[in-house]
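Lettering of chains follows the sequences in order, A, B, ..., and the numbering in each one begins at 1.
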Amino acid sequence: MAHEQKTFLGIDFLYSTYMYVWVALLVLTVVEVIVPEPSLIGLSAFPRWVVVLSLIMLALGKTFMVAWYYMHLIDERPSIIGIACAPFIFSVFLTIGLWPHRAQMPEEPTSSNQQPAAESVERAAADGASDEPSSAGMTLAADSLSQSK
Amino acid sequence: MAAQVEAGAENLGVENGKIGMWTFLVMDAMTFAGFLAGYARLRWSPGSGWPMPYETFGVIGIQLTAFNTFVLICSSVSMVHVLAETMKGNLKRAENWMLATIFGGLFFLGVQGYEWTHLIMDKWPHMLSAGAAPPAYNSNFASTFLNLTGFHGAHVAVGVMYNVIMYLGLRRGKIDQDNASLIEIAGLYWHFVDLIWILVFTFVYLI
Amino acid sequence: MSQSDAMGFLSPLTEKAENSWFWYIKEWVCSTDAKRIGLMYIIFGILMGVIGGVLSILIRIELFSAGADIMSETFYATLPGMHATLMIFFFVIPIFTGVGNFVVPIQIGAPDMAFPRLNLAGFWILPAAAAMALSAYLVPKGAPGFGWTGYPPLSVQASLGADLWIAAIILVGTSSTMAAVNFLSTVFNMRCKNMTLFQMPLFTWSLVVTSFLILASTPVLTSAMMMLELQRTFPAAFHFFDPQGGGDPILYQHLFWFYSHPAVYIMILPGFGLISEVIPTFSRKPIFGYAVMAWSMIAIAVLGFVVWAHHMFTTGIALRVRMAFMLLTMLIAVPTGIKIFSWLATMWGGSLSFKTPMLFAVGFIAMFTIGGLSGVVLASVPVDIQLHDTYYVVAHIHYVLVAGSVMTIWAGIYYWWPKMTGRFYHEGLGKFHFWVTTIFINVTFFIQHYLGMQGMPRRYFDYDPQFEWANAISSLGSFALFSVQFVALGNLVWSLYAGRQAEANAWEDGETLEWDISSPPPHHNFPEPPVWEPVDRSHDEEEGHELQPQPSPAE
């Protein structure tokens with residue numbers, strides 16, 4: 001079949017590449033191990049945000065290399081690349097949506113006081129929230145977790 | 001999943017089996033996304049008191065797992081060799097590379113089993129109800145660790161079985177140059193397991 | 001031979017099956033033919049729908065008057081959850097999968113699904129899962145009494161029945177992802193010549209979009225269920241949802257609704273696609289705004305992923321987050337509105353023929369609009385805080401799922417019944433079924449809006465006596481609604497024996513490929529690979545006002 005022939009060519013092309021990819025993956029793994037504990041090579045500790053950010057970037061880079069070269073996305077139709085990207089986008093959104101917020105941040109009451117007109121909906125919501133315990137059918141969680149005004 | 005049904009006149013230019021595997025991987029990735037997003041929420045909740053992984057696993061533990069990562073990456077590379085040799089028709093060499101891949105998966109599982117035993121027996125005896133949890137210790141560290149690495153380990157185990165089936169197929173001559181796409185599809189799954197491990201290793205052991 | 005030709009795919013394949021019922025049924029049970037699997041899905045779904053309906057009737061009998069009537073509180077507590085589980089996971093989703101299995105391969109001109117054996121395996125997981133869910137009633141302490149949402153901490157403390165329920169949910173998720181993988185591979189890779197993506201019939205489009213929704217959302221539910229089960233099984237080790245161990249019960253709700261809000265679209269988008277087939281056929285006009293219809297389905301799916309927290313407005317998430325989710329939720333009304341106006345524009349100036357499927361389609365448009373509007377009401381944060389967990393929500397979901405999913409299911413079954421069996425049902429009985437269903441859906445559920453506004457909470461065993469008259473009306477309506485469904489089932493069974501024979505293009509104006517082949521279709525759908533004659537999907541002025549039907553691709 002014609003389309004299979006194309007994959008064959010792609011593999012031949014990759015044959016020389018993926019040993020380099022292998023080396024790159026190993027080097028990045030070593031870097032990953034060193035980043036959170038730089039004392040292994042005699043450096044002092046990095047700031048926390050540098051560690052987190054660089055580890056995420058390193059992991060994403062390695063992931064990309066595996067998907068791009070070993071899973072042959074380099075040789076694939078755009079539609080397959082689209083399918084492969086979909087879970088990445090959804091999981092980033094899921095993580096953002098689940099990210100814990102800090103419930104006790106002091107800024108919320110102030111913002112609704114400063115802009116009464118624009119925030120009227122917000123005020124209504126907040127009023128509703130404070131009425132909650134009296135209205136029927138509210139969940140237990142609402143009682144215990146609703147914002148205290 | 002032999003591609004027994006032919007593609008239609010309008011198609012994506014790949015076998016049915018490959019689209020099937022890719023869509024399956026979408027689903028599998030979202031399962032891990034659920035676990036990882038839950039892990040992120042539990043860990044970064046205000047005041048969660050999450051222990052630093054380095055302090056629990058120790059430098060030696062991290063390096064053991066880093067070596068394990070190295071083994072898994074190597075078995076991923078050998079899987080690519082299986083495909084390349086099958087396509088060239090060197091079935092004997094493909095078999096040997098496949099044996100190396102299977103061995104890599106088994107080695108990974110063995111090291112992980114050792115690590116689990118060590119961690120549960122020595123560090124988290126409360127998980128076996130053999131003692132109270134240490135005070136002010138966030139036991140979700142252990143829960144999410146076991147959950148993520150365990151679910152990934154199950155995937156490695158399935159992948160090893162999948163590879164054994166492919167190995168037998170190669171040995172008995174059922175897989176050759178003409179249907180090398182079967183190896184490619186198995187490879188997709190195996191590389192995906194490797195890819196997930198890269199993420200799990202980073203998020204659970206290092207950050 | 002001629003007799004087996006007339007029976008199409010229903011005819012036995014082997015000599016043995018021709019002579020014995022046992023082998024004929026065994027042939028069905030092991031069949032990898034998508035059409036047979038589709039029919040098995042539909043039969044299974046209807047069976048589960050009847051059981052789920054019985055549970056809902058038990059609820060309505062109990063709520064007929066205030067106070068304890070016929071059952072204990074603990075038994076009542078299991079009913080809403082089991083009713084929802086059966087209806088959602090074992091009735092609506094499988095039936096749409098079944099109709100899709102039957103119709104989609106034919107509509108795109110393929111001989112079968114891409115993975116026939118995976119298809120069969122996916123189907124047979126379902127009866128096992130249903131048996132697990134229902135057997136929860138047989139174990140000590142009975143079925144789980146925490147509703148279909150299974151929120152911790154209640155679901156962590158529940159008895160053995162909860163384990164069976166969780167396992168059933170994971171199995172159902174596996175089954176529907178298997179079907180989704182199959183649909184996507186089939187539609188992406190097995191279309192006939194000239195059937196490009198934007199030539200596909202809209203029902204096929206709807207199943208593509210639905211399959212993507214299933215693929216990306218169901219696994220998240222599976223992960224939540226696994227975490228729940230781990231916490232139940234090893235309470236000393238796992239504390240994902242237990243605040244005392246550092247866990248977070250809200251985490252479960254996030255993961256659950258990340259699936260269960262898209263699940264609403266999984267349950268309604270195939271219905272949208274189905275209506276987009278029925279209305280052009282009976283209006284004798286091509287669908288208005290084909291490309292917009294396809295894109296609006298995609299838009300609904302994408303938006304459907306980013307609105308889940310509107311189910312959690314009362315859980316104390318930040319106001320800022322709630323505002324964002326409120327706006328996104330309200331945005332969904334836009335693509336939905338586009339679809340509703342496109343259906344109306346398709347009918348506008350058409351030469352309408354009000355057969356039963358068309359009646360169900362039009363009734364669906366009218367009543368789904370009510371359900372959609374009460375959804376917009378619930379989307380606004382301040383209103384939702386008042387109405388959360390009241391009967392207003394019950395009324396809303398039933399307008400969306402009964403007047404939405406169930407009516408489209410009936411439209412689809414009536415529409416494709418001549419194609420599936422080669423026989424017409426009784427038209428008069430079909431129309432009777434439609435009118436009684438429509439009237440009693442409104443009798444049953446409209447009054448529940450009022451109950452909710454007055455503050456009657458959902459899932460409660462008992463209520464204030466002031467609500468008694470309204471509950472009595474709702475209960476009476478539900479009895480009539482449930483019993484008239486048996487008229488329809490009887491009608492379908494009757495048609496197998498005495499129905500009028502259907503020709504290939506049973507409704508005379510069907511334009512998609514399934515109307516080109518005999519009714520019922522032969523074993524491999526098409527004698528030779530079909531070629532689709534491209535339809536001009538652009539809607540310029542002349543065509544938009546054309547009253548004549550476009551020539552069907554068959555001619």
* **side-chain hydrogen bond (donor to acceptor under 3.5 Å, both in side chains): pairs with one or both residues in residues 144-157 of chain B, sequence neighbours excluded** =>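 Passing the test, one end in residues 144-157 of chain B: B/Asp28-B/His155, B/Trp116-B/Thr149.
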* Can you list every side-chain hydrogen bond (donor to acceptor under 3.5 Å, both in side chains) pair that touches residues 98-112 of chain B, not counting sequence neighbours? ->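 Every side-chain hydrogen bond (donor to acceptor under 3.5 Å, both in side chains) pair that includes a residue of residues 98-112 of chain B, provided the two are not neighbours, is B/Ser78-B/Thr101.
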* For B/Phe203, check ring pair (Phe, Tyr, Trp, His ring centres under 6.0 Å) against everything at least two apart and list the hits. =>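 With sequence neighbours excluded, B/Phe203 shows a ring pair (Phe, Tyr, Trp, His ring centres under 6.0 Å) to no residue whatsoever.
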Where on [X] is there a heavy atom nearer than 4.5 Å to chain A: the side chain, the backbone, both, or neither?
X: B/Thr69; value: side chain
X: B/Leu25; value: side chain
X: B/Met79; value: neither

Please look at [X] and chain B and tell me whether the side chain, the backbone, both or neither of the residue comes under 4.5 angstrom of a heavy atom of that chain.
X: A/Thr29; answer: side chain
X: A/Val51; answer: neither
X: A/Leu73; answer: side chain

* To do: Work out which heavy atom in A/Leu98 is nearest to a heavy atom in B/Arg41; give both atom names and the distance.
  =>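 In this case the closest contact between A/Leu98 and B/Arg41 is O-NH1, 2.9 Å.
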* For B/Val14 and A/Glu76, which heavy atoms make the closest approach, and how far apart are they? ->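 Minimum heavy-atom separation between B/Val14 and A/Glu76: CG1-OE1, 3.5 Å.
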Would you check if [X] and [Y] make a side-chain contact, meaning some heavy-atom pair closer than 4.5 Å?
X: B/Trp22; Y: A/Met71; answer: yes
X: B/Ile207; Y: A/Arg48; answer: yes
X: B/Ile73; Y: A/Leu26; answer: yes
X: B/Cys74; Y: A/Trp22; answer: yes

Is [X] atom [atom1] crowded by more than 12 heavy atoms from other residues, nucleotides or ligands, each under 6.0 Å away?
X: B/Phe151; atom1: CZ; value: yes
X: B/Tyr114; atom1: OH; value: no
X: A/Phe93; atom1: CZ; value: yes

* Given the options B/Ser76, B/Gly34, B/Ala37, B/Ala33, which has more heavy-atom pairs under 4.5 Å with chain A than any of the others? ->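 It is B/Ala37.
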* Heavy-atom pairs under 4.5 Å with chain A are the metric here; pick the option from B/Gly38, B/Ala29, B/Ser45 that has the most. =>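 Among B/Gly38, B/Ala29, B/Ser45, the one with the most close pairs to chain A is B/Ser45.
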* Taking heavy atoms only and a threshold strictly under 4.5 Å, list by residue number the residues of residues 187-202 of chain B that touch chain A; give 'none' if the list is empty. =>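 Within residues 187-202 of chain B, near chain A: B/Leu188, B/His191, B/Phe192, B/Asp194, B/Leu195, B/Ile198, B/Leu199, B/Phe201, B/Thr202.
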* Heavy-atom pair count under 4.5 Å with chain B, highest-scoring of A/Val33, A/Leu60, A/Val30, A/Val92 ->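 Maximum pair count with chain B is reached by A/Val33.
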* Give, for atom NE2 of A/His72 and atom NZ of B/Lys18, the distance between the pair rounded to the nearest 0.5 Å. =>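 It comes to 7.0 Å.
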* Evaluate side chain to side chain contact (heavy atoms under 4.5 Å, CB included) for B/Leu206 paired with A/Val35, printing each intermediate quantity in order. => CA-CA 8 Å; B/Leu206 297 179; A/Val35 164; over 6 Å; no
